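Inspection log for the structure reproduced underneath, given as structure tokens.
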Protein chains: 2
Amino acid sequence: MSQSRPRIVPEATVARLAVYLRVLAGLADGGRSHVSSGELASAAGVNPAGLRKDLSYLGPCGVRGVGYSISGLRERLTEALGGERSRPCVLVGIGRLGSALADYTGFASRGFQFVGLLDSDPRTVGTEVGGVPVRPVEELEAVVADTQASIGVITTPAEVAQSVCDRLVTAGVRSILNFAPVALTVPAGVDVRKVDLSVELQVLAFLDQQRDGSPPVVASMRTGVSGGAR
Amino acid sequence: MSQSRPRIVPEATVARLAVYLRVLAGLADGGRSHVSSGELASAAGVNPAGLRKDLSYLGPCGVRGVGYSISGLRERLTEALGGERSRPCVLVGIGRLGSALADYTGFASRGFQFVGLLDSDPRTVGTEVGGVPVRPVEELEAVVADTQASIGVITTPAEVAQSVCDRLVTAGVRSILNFAPVALTVPAGVDVRKVDLSVELQVLAFLDQQRDGSPPVVASMRTGVSGGAR
DNA sequence: AACCGCTTGTGAACGCCTGAACAAAGTCGC
DNA sequence: GCGACTTTGTTCAGGCGTTCACAAGCGGTT
Ligand SMILES: NC(=O)c1ccc[n+]([C@@H]2O[C@H](COP(=O)([O-])OP(=O)(O)OC[C@H]3O[C@@H](n4cnc5c(N)ncnc54)[C@H](O)[C@@H]3O)[C@@H](O)[C@H]2O)c1
Ligand SMILES: NC(=O)c1ccc[n+]([C@@H]2O[C@H](COP(=O)([O-])OP(=O)(O)OC[C@H]3O[C@@H](n4cnc5c(N)ncnc54)[C@H](O)[C@@H]3O)[C@@H](O)[C@H]2O)c1
């Protein structure tokens, strides 16, 4: 048997692996047992060769001439992305966006559970969202300690995002997803990912304007699922 | 005078320009008149040299030895990103996430206005979100035509996202922001940007797991505002 | 048992983006 | 008016990521 060698995996690849896993979940219901790279790539919106390279980071996963075993690949991807164990997350700022996230059922199927909801507004504290009670932000450290949450999601106003971030980090959270439109500063060893919806719209507006203007199109990047497919 | 030469701007740069613009907006209130690249870069969470390179795509914007004029740079960035004119957007799928977006005031300040809200649920149709009435999805084409919307945002369940997308494109929308976890297929000339929150969490989980495990760290990418700052 | 077609896995080239170092240029102080 | 300092704009090299193209391997068939 070949030993599993944990090669170095590019972060861009990791993001796509998550997409492949989701596509596979939808494909498993079809009664099929195998998929080809071309089929998977089409469903995921990527290049077939790139998909194969992505999967090759996990070592050989497929069978030549046949394709990839759907169930086998699901297991492999699931393990690579952190296993099936439930990952506790805390969410700070239960406003419009925070409520939508807390109430979303799509995360649980991936193993993410919002076990701690925190807000500073007394009117929000005490209510329940998605079956989880909202607790006062003062209890942040206690909640993180109790739940052993490793991921923190910030949906507070921008002004307080950095302070919330600092408290999360101090409490032991080492992965943060930030929706507030500020660049968070964190110590080394802490990962931050930012979701900036205004920027997304602004980029679309730029592309729109540029399209109407001069032919010199923007250098297309590989991020996202840009057009081109017929 | 030097003619404005619309150089080719990398898409990654465009995204950062939007961030700079927002930072400048917050900085303009401070009464300052000029900023250095180092200061701006720090506030935006990027490298100073990279920031200067980004700005240089717009031609010389600063004054050597002094820095960048805040008001001047704001104008330049605003123009580069599509001008100040209000951009009409339509939003399809007024559920939890869609409502949060429609009700968010942060987009209007950037010129984005949700002038059309569409949903298929009779209980949602007729209600108002953010002062805009929700209309039946059957009127999608009419709404796009009336409002001349150039940007469409999809927050429907994944199963119907592609059909909604097709209708938006047929109606004339050429820029789409997709929150549904599917890869949309669009004709050439249409831009799609995807926001996939499950993937964001999954990547964080992966990094988390890898950090606890072996030293071979993932090849860090430039996307997002990853850690490292002191 | 050998052949054939299909699909994976990988090697290499290309292009883009990033980070650092350097020269140009303008301003402030004397 | 001149010098020195500050900060920009640019050039250079390096790293990643993507893409193409091909060899290797497996299953099915004759
Ligand atoms: N569509 C959107 O809602 C949207 C879009 C883009 C960006 N954002 C960003 O996401 C964040 C949240 O947006 P929102 O629309 O949900 O705002 P919101 O005002 O509806 O919610 C913010 C919540 O944070 C809570 N809060 C404030 N200070 C807090 C603190 N110190 N500790 C804990 N909780 C605190 C408030 O009580 C409120 O419930 C903002 O930074 C916003 O810029 C939102
Ligand atoms: N936190 C979140 O809410 C979250 C997180 C990640 C991804 N998403 C994705 O965003 C999308 C929306 O999520 P949500 O939580 O708001 O779901 P939701 O069920 O609350 O809202 C979906 C809305 O779309 C409407 N709809 C259904 N079919 C339609 C059609 N054919 N035309 C127009 N409208 C239609 C429904 O009536 C409903 O109002 C989903 O694809 C979901 O996977 C949501």
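Predicted, not measured: the structure shown is a model, and the values here were computed from it. Proteins come first, then strands; the chains are lettered A, B, ... in the order of their sequence lines, and each starts at number 1.
Regarding B/E39, its CD atom lies at a distance of 15 Å from the P atom of D/dT6, rounded to whole Å. The distance from atom CG of B/D54 to atom P of D/dG9 is 12 Å, rounded to the nearest whole Å. Whole-Å rounding puts the A/L73 CG to C/dT7 P distance at 16 Å. Here D/dT10 presents its P atom at 11 Å from CG of B/L55, a figure rounded to the nearest Å. Taking atom CD1 on A/I70 and atom P on C/dT8, their separation rounds to 12 Å, with Å as the unit. Atom P of nucleotide C/dT7 and atom CG of A/L40 are separated by 13 Å, given to the nearest angstrom. If you take CG of B/L58 and C1' of D/dT8, they are 14 Å apart, rounded to a whole angstrom. Going from atom NE2 of A/H34 over to atom P of D/dG28 covers 10 Å, rounded to whole Å.
Distances were taken from every side-chain heavy atom of A/S56 (C-beta onward) to each of D/dT18, C/dC17, C/dT10; the shortest belongs to C/dT10. Of the candidate nucleotides C/dT18, D/dG17, D/dG9, C/dT18 has the atom nearest to the side chain of B/R16.
Residues passing the side-chain hydrogen bond (donor to acceptor under 3.5 Å, both in side chains) test with A/T78: none are found, sequence neighbours excluded. Under the rule for a ring pair (Phe, Tyr, Trp, His ring centres under 6.0 Å), A/F179 has no partner lying at least two apart in sequence or in another chain. Looking at residues two or more places apart in sequence or on another chain, you find a side-chain hydrogen bond (donor to acceptor under 3.5 Å, both in side chains) between B/R32 and B/E39. Listed by chain and residue number, B/T13, B/R16, B/Y20 satisfy the side-chain hydrogen bond (donor to acceptor under 3.5 Å, both in side chains) test with B/D54 (two or more places apart in sequence, or in another chain). Checked against side-chain hydrogen bond (donor to acceptor under 3.5 Å, both in side chains), A/R174 has the following partners two or more places apart in sequence or in another chain: B/D212.
Within the 4.0 Å cut-off from OP1 or OP2 of C/dC16, not a single side-chain nitrogen or oxygen of B/Y57 is found. In this structure, A/S37 does not reach the C/dT7 phosphate: none of its side-chain N or O atoms is under 4.0 Å from OP1 or OP2.
By the 4.5 Å heavy-atom criterion applied to side chains, A/V203 and B/R193 are counted as neighbours.
For residues 63-75 of chain B, there are no salt bridge (charged side-chain N to carboxylate O under 4.0 Å, His left out) pairs, not counting sequence neighbours. The side-chain hydrogen bond (donor to acceptor under 3.5 Å, both in side chains) contacts involving residues 147-158 of chain B comprise A/D208-B/S150, where partners must be two or more places apart or lie in separate chains.
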Going 5' to 3' along nucleotides 25-30 of chain C, which nucleotides have protein heavy atoms under 4.0 Å from the base (write B), which only from the sugar-phosphate (write S), and which from neither (write -)? BSS---
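Under the 3.5 Å distance criterion, with hydrogens and angles disregarded, a donor-acceptor pair is assigned to the side chains of A/S37 and A/R52.
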Polar atom pairs (N or O), protein with nucleotides 20-22 of chain C, under 3.5 Å:
unit_1: C/dA20; atom_1: OP2; unit_2: B/N47; atom_2: ND2; d: 2.9

